[in-house]
Amino acid sequence: MSKYECVCGYIYDPELGDPDNGVAPGTAFEDVPEDWVCPDCGLDKSAFTELV
């Protein structure tokens with residue numbers, strides 16, 4: 001599963017998820033709810049790009 005980076009620099013790691021905000025570890029970025037926002041800056045998923 002790929003990691004995704006927000007424009008603010010926060011990296012979403014699917015192995016870790018974002019349990020503090022309702023996203024369980026092991027959740028692929030594509031499966032993160034559409035209403036989830038970056039925990040650091042509050043931008044939505046469209047602000048993220050896939051890390052290669």
Discussion item. Take a 6.0 Å sphere around CD of E15 and say whether it holds more than 12 heavy atoms from other residues, nucleotides or ligands.
Written reply: no
Fill in: Contact check, side chains of F29 and M1, non-hydrogen atoms, under 4.5 Å
no
Item to complete: Compare every heavy atom of P39 with every heavy atom of D18, then report the nearest pair and how far apart it is.
Response: OD2-CG, 3.8 Å
Discussion item. Heavy-atom count check: over 12 atoms from other residues, nucleotides or ligands less than 6.0 Å from K3 NZ?
Written reply: no
Discussion item. Would you compute the distance between atom CG of D40 and atom SG of C6 and round it to the nearest 0.5 angstrom?
Written reply: 8.0 Å
Worksheet item: Is V32 reachable from Y10 through a run of I, L, V, M, F, W or Y residues, each pair having side-chain heavy atoms under 4.5 Å apart?
Response: yes
Worksheet item: So do C8 and L43 actually touch side chain to side chain, heavy atoms under 4.5 Å?
Response: no
Worksheet item: For the residue pair K45 and E30, what are the closest heavy atoms and their distance?
Response: NZ-O, 3.9 Å
Worksheet item: Out of curiosity, W36 CH2 to D44 CG, how far, rounded to the nearest 0.5 Å?
Response: 10.0 Å
Worksheet item: Between V23 and Y12, is any pair of side-chain heavy atoms under 4.5 Å apart?
Response: yes
Worksheet item: To the nearest 0.5 Å, what is the distance between OG1 (T49) and CD (E5)?
Response: 6.0 Å
